[in-house]
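Atoms within each ligand, like the ligands themselves, are counted from 1 in listed order.
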Amino acid sequence: MDALILKPDREKSLLRRHPWVFSGAIQQVIGDPASGATVEIFSADRQFLARAAYSPTSQIRARVWTFDPDEMVDVEFFRRKIRNALERRAAWNFSPRDSAALQPASGAMRLIHAESDGLPGLVVDRYGDVLVLQVLTAGVEFWRETLADLLLEVTGARAIYERSDADVRALEGLPPRTGLLRGTLPATRLTIDEDGLKFIVDVAFGHKTGFYLDQHLNRRRVGQLAAGREVLNCFCYTGAFSLHAARGGAKNVLSLDSSADALAIGQENAALNGFSPEALEWLEADVFTALRKFRDQNRAWDLIVLDPPKFAPTAAQAEKAARGYKDINRLAFKLLRPGGILVTFSCSGGIDAALFQKIVASAALDAGVEAQIVEYLAQSPDHPVSIHFPEGAYLKGLVCVKA
Ligand code: SAH
């Protein structure tokens with residue numbers, strides 16, 4: 001068996017069950033492991049620590065499959081892991097509509113959330129009876145065909161579409177790959193149901209795997225907060241927050257995004273759900289520029305949603321990202337009427353919850369407003385966080401009320 005021997009005292013994170021082994025921790029590679037192959041990890045004094053997937057080009061040189069010396073990494077192992085992930089979600093139904101089972105056929109949820117489901121590098125989302133698969137690491141690439149077969153077998157899905165086009169694959173020495181992997185799919189545009197609202201998801205051309213499922217419960221919350229309010233939804237993508245707000249009784253909703261394609265689908269989504277065109281307004285714009293313009297025009301709203309893309313994928317970009325977050329939050333505080341609500345998010349792995357709260361606080365200070373945090377939001381429960389992998393908690397949200 002190929003193996004990695006760690007340097008002295010570098011076994012601590014594995015003993016705490018954190019699943020990553022960095023290249024700097026490795027003393028010696030025994031054998032000639034192929035990219036993605038399973039290696040055993042030993043401490044400097046030859047104590048067994050884990051079985052892991054080898055990533056020869058990445059700084060994260062190995063990712064743990066199992067800490068159990070008696071557990072083999074084989075087809076049965078992956079079948080067990082996939083079943084476990086589905087069973088956990090079935091036990092955690094957050095509404096009768098959401099289910100890990102592929103019934104009702106239009107429900108959507110994340111079925112496998114990488115490290116947090118014990119499968120580093122594997123993301124699987126279900127959109128009705130179609131799965132979208134993201135392969136992010138050499139280890140998952142190695143087992144890709146097996147995983148595709150098992151996913152069909154365990155879920156009974158009609159098709160699997162692959163969206164392995166995330167930038168992080170380059171760090172693993174893997175080229176981007178997208179396309180139909182299993183089954184048949186007459187069209188890449190599907191319609192899903194979220195809390196009774198219909199949304200078009202384009203699994204081939206949409207962002208990431210097609211839809212931002214992690215915001216599901218937060219959209220539901222915004223729907224509850226929207227009644228009678230004028231709503232500004234920034235970084236709206238295909239309008240999911242907008243439609244929840246409109247159904248919740250918003251007076252009107254203005255949605256901003258820089259992507260014309262996303263906005264076009266947003267408008268289709270509005271029509272699909274029977275909203276009149278006047279209820280929802282869509283604007284193709286850079287949010288940074290648009291908010292300044294609105295400030296200069298003395299415009300005001302009662303509820304503002306800020307759900308920007310990842311400004312800081314890693315801690316190294318945190319400082320520049322912090323300026324971006326502060327800028328949009330400062331402008332949003334200014335644009336809110338007294339008593340208005342700011343629902344603000346960061347999905348940057350490089351910015352933790354405490355730092356994000358500090359950034360929003362200094363944005364309020366600069367805007368010259370008083371505010372209270374009334375709720376803390378996070379990713380929805382189909383995006384769990386392994387207790388040993390705090391990096392899994394990437395989505396932070398604050399609900400602030402302006403004094
Ligand atoms: N809130 C959305 C997801 C937002 S994803 C939902 O619930 O579905 C982030 C969005 O920001 C993307 O749609 C992207 O096109 C958009 N975007 C990125 N940079 C932008 C900018 N500077 N101005 C406006 N939109 C931007």
Please work out whether the ring planes of Tyr237 and Tyr212 are parallel, tilted or perpendicular, with thresholds of 30° and 60°.
perpendicular

Taking 4.0 angstrom as the limit and counting only heavy atoms of Phe241, give me the atoms of ligand 1 inside it, by number and element.
1 (N), 7 (O)

Minimum non-hydrogen distance to atom 17 (N) of ligand 1, winning option of Gly324, Cys347, Ser258:
Ser258

Which atoms form the tightest heavy-atom contact between Val231 and Trp301, and what is the distance?
C-CD1, 3.6 Å

Parallel, tilted or perpendicular: which fits the ring planes of Tyr325 and Phe311, with parallel below 30° and perpendicular above 60°?
tilted

Which of the numbered atoms in ligand 1 are below 4.0 angstrom from a heavy atom of Ser259?
15 (O)

Here the atoms of ligand 1 under 4.0 Å from any heavy atom belonging to His207 are 12 (C), 13 (O), 14 (C), 15 (O)

Near Ala285 (heavy-atom distance under 4.0 Å), the atoms of ligand 1 are 23 (N), 24 (C)

Counting each atom of ligand 1 from 1 as listed, which ones have a heavy atom of Asp286 under 4.0 Å away?
21 (C), 22 (N), 23 (N)

Classify the angle between the aromatic ring planes of Phe199 and His244 as parallel (below 30°), tilted (30 to 60°) or perpendicular (above 60°).
parallel

Report yes if some heavy atom in the side chain of Phe345 is under 4.5 Å from a heavy atom in the side chain of Lys396; otherwise report no.
no

Testing Leu15, Val21, Leu4 for side chain to side chain contact (heavy atoms under 4.5 Å, CB included) with Leu49, which one passes?
Leu15

Does ligand 1 have a heavy atom under 4.0 Å from the side chain of Tyr237, from its backbone, from both, or from neither?
both

Quick one: which ligand 1 atoms are inside 4.0 Å of a heavy atom on Tyr212?
3 (C), 5 (S), 8 (O)

Can you tell me which residue and heavy atom of the protein come closest to atom 2 (C) of ligand 1, and the distance to 0.1 Å?
Asp307 OD2, 3.4 Å

